[in-house]
Number of protein chains: 2
Amino acid sequence: MNAPAFTDNRDCGTCPIRHRAVCARCEKEELEYLETIKYYRSYEAGQPVVWAGDQLDFVASVVVGIASLTQTMEDGRTQMVGLLLPSDFLGRPGRSVASFNVTAISDLTLCCFRRKPFEQLLRSSPTISQRLLEMTLDELDAAREWMLVLGRKTAREKIASLLAIIARRNAQLHPGQTPEETTFILPLTREAMADYLGLTLETVSRQISALKKEGIVELEGNRRILIPDFGRLLAETGDDADGGMPA
Amino acid sequence: MNAPAFTDNRDCGTCPIRHRAVCARCEKEELEYLETIKYYRSYEAGQPVVWAGDQLDFVASVVVGIASLTQTMEDGRTQMVGLLLPSDFLGRPGRSVASFNVTAISDLTLCCFRRKPFEQLLRSSPTISQRLLEMTLDELDAAREWMLVLGRKTAREKIASLLAIIARRNAQLHPGQTPEETTFILPLTREAMADYLGLTLETVSRQISALKKEGIVELEGNRRILIPDFGRLLAETGDDADGGMPA
DNA sequence: CGCTACAGTTGATCTGGATCAAGGCAGTCT
DNA sequence: AGACTGCCTTGATCCAGATCAACTGTAGCG
């Protein structure tokens, strides 16, 4: 719940809000103002960030780590509705109450802005509000693509889609790898995957085992995944060859 | 594909973009500019508006009628990812290609803005880009709420959720009705409902019959629905009493 | 009028994924 | 060490919803 660890202006590298504020028109004033209302928060893996319905008096950008957005029904059924990776935005200007549960999946650092001044900034700066609009539109597209996964894909296709997304996101961050052979560490437990995909954890486990048996993926331990032929994985997603599934 | 039918400045009553442009700061210039780039388009029920991947050189606001946003897999499985009712926004500033299929479900009239000048306007007017941001955030929340429906709810809960949403939306438009007893015309075929809910049309039909048999809904013909006790319907959605499902 | 077409209902059967249950395999605490 | 806990796998069985198929009702239309 503390730990700044970032002091220099330039080190919050993944924060898209700030980047744009710097680059777009060199609006120095805005940048300096942003600096005055920003602060860092850290959470340990597993810790909740907020619960749906609770007061949330900041908006933030993920700097390090992964967080999940989930919804839960009274009887405990839960659905993950978003996965927040570094550079993703969290919170909602104009709303003081969280709509979803936010949980740190790995150790997590957020770059936070107090909500009120941030909203003020939005009102006065078209640069920032446009950047935010763009990001929100991307998230909306991603959410809608995910609706196809949830509503119409088989368990096997769901797993393949999820692995493809994580592999792609991973490739963006570490562009060293060939597109054909990728390896990464699954940031999610089987249960979290199940919650994302609308399945049970048993089904997730079985489908991963099946993909392994068929040589479409290789595992080292439970979490480290190697995809020998990305095209073969893609063929299992049910998407047409080029299609672009985000997360 | 023509039919203006709107000539007076004030008559595009449902268009949220324009409203805000008038109200927020009385930015007369912007309003007049908006007028010069706006035009109307009409579509008959069943007609496509655009296909995913096609060029889309306007953004628009639904004035009259209903449109659907859908995705289709090569083998024909389709998922509806959004339902556009009057006042909803269509299109994506900053992107010239449609991400989803848009189809007129009923006869439809759009209030369109040519994309390029609209984007220009966004860049210069914080009022409009903020209004758009707000709308997009609402849509994102709605999409995420829908992910819970698709991923975790039973067929019966899905149907009840859909009926509840349509009833609520309907009550907003016609505030004359008591909240307890509502009646409306289903704007969707059984197949369209199935595509929205990630079910088959047979299952939709069976579940509606079941709700009818239990007196939770009453039907006149196939489309006209009466909900004698909204609370009882809500109890079938699986949501906690107050929860706010949008569309 | 009969013919076709479309939307919806209902029944019979099948099956993919859920559910229930039993272990396995690290870590980590004592 | 042993015991406990969290995460994962695998097997056996069940069932909600898909699939296949027949049929009803209603609206155009030559």
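As a basis for the values below, the full set of heavy atoms in this structure was taken, side chains included, without hydrogen atoms, waters or symmetry mates. Keep in mind the model is a prediction, meaning the values are calculated, not measured. So you know, we letter chains A, B, ... as the sequences are listed, proteins then strands, and number each from 1.
Within the 3.5 Å criterion, the main-chain N or O of Ile225(A) finds a donor-acceptor partner in the side chain of Thr183(A). When atom types are taken as modelled, the side chain of Lys212(B) and the backbone of Val217(B) share no donor-acceptor pair closer than 3.5 angstrom. Not one N or O on the side chain of Arg152(B) forms a donor-acceptor pair closer than 3.5 Å with the backbone of Gln79(A). Side chain of Arg115(A) to backbone of Val59(A): no donor-acceptor contact under 3.5 angstrom is found.
Rounded to an integer number of Å, the gap from CZ of Arg223(A) to C1' of dG6(D) is 11 Å. Between the CG atom of Asp195(B) and the P atom of dA18(D) there is a distance of 12 Å, rounded to whole Å. We find that CG of Asp75(B) is positioned 14 Å from C1' of dA18(D), with the value rounded to whole Å. What separates CD1 of Ile159(A) from P of dC8(D) is a distance of 12 Å, to the nearest Å. The nearest whole Å value for the distance from the NZ atom in Lys158(B) to the P atom in dA16(D) is 14 Å. If you measure from atom CG of Asn222(A) to atom P of dC7(D), you get 11 Å, rounded to the nearest angstrom. Rounded to an integer number of Å, the gap from CD of Glu191(A) to C1' of dT9(D) is 15 Å.
Counted within 6.0 Å of CD on Glu191(A), heavy atoms from surrounding residues, nucleotides or ligands total 12 or fewer; the atom is thus considered open. Residue Glu44(A) qualifies as open at atom CD: its count of foreign heavy atoms under 6.0 Å is 12 or below.
Ring planes of Tyr39(B) and Phe58(B): perpendicular class, angle over 60° (limits at 30 and 60°).
Shown here are the salt bridge (Lys or Arg N to Asp or Glu O under 4.0 Å) partners of Glu214(B), two or more places apart in sequence or in another chain: Arg156(B). Listed by chain and residue number, nothing satisfies the salt bridge (Lys or Arg N to Asp or Glu O under 4.0 Å) test with Arg190(B) (two or more places apart in sequence, or in another chain).
Taking the ring centroids of Trp51(B) and Phe100(B), they lie at or beyond the 6.0 Å cut-off.
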Filtered N/O pairs between nucleotides 24-28 of chain D and protein, under 3.5 Å:
none

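With rounding to the nearest 0.5 angstrom, the CG atom of Leu140(B) is 10.5 Å from the CD atom of Glu145(B). Taking CG from Leu83(A) and OG from Ser68(A), the interatomic distance works out to 7.5 Å, rounded to the nearest 0.5 Å.
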With sugar-phosphate taken as primed atoms, P, OP1 and OP2 and all else as base, the protein-contact string of nucleotides 14-21 of chain C at under 4.0 Å (heavy atoms; B, S, -) is ---SSBB-
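Within residues 208-219 of chain B, no residue places a heavy atom under 4.0 Å from DNA chain D.
Rounded to 10°, the helix from dC1(C)-dG30(D) to dT30(C)-dA1(D) has 20° between the axis fitted to its first five pairs and the one fitted to its last five.
Under the 4.0 Å criterion applied to side-chain N and carboxylate O atoms, Asp138(B) and Arg92(A) are assigned as salt-bridge partners.
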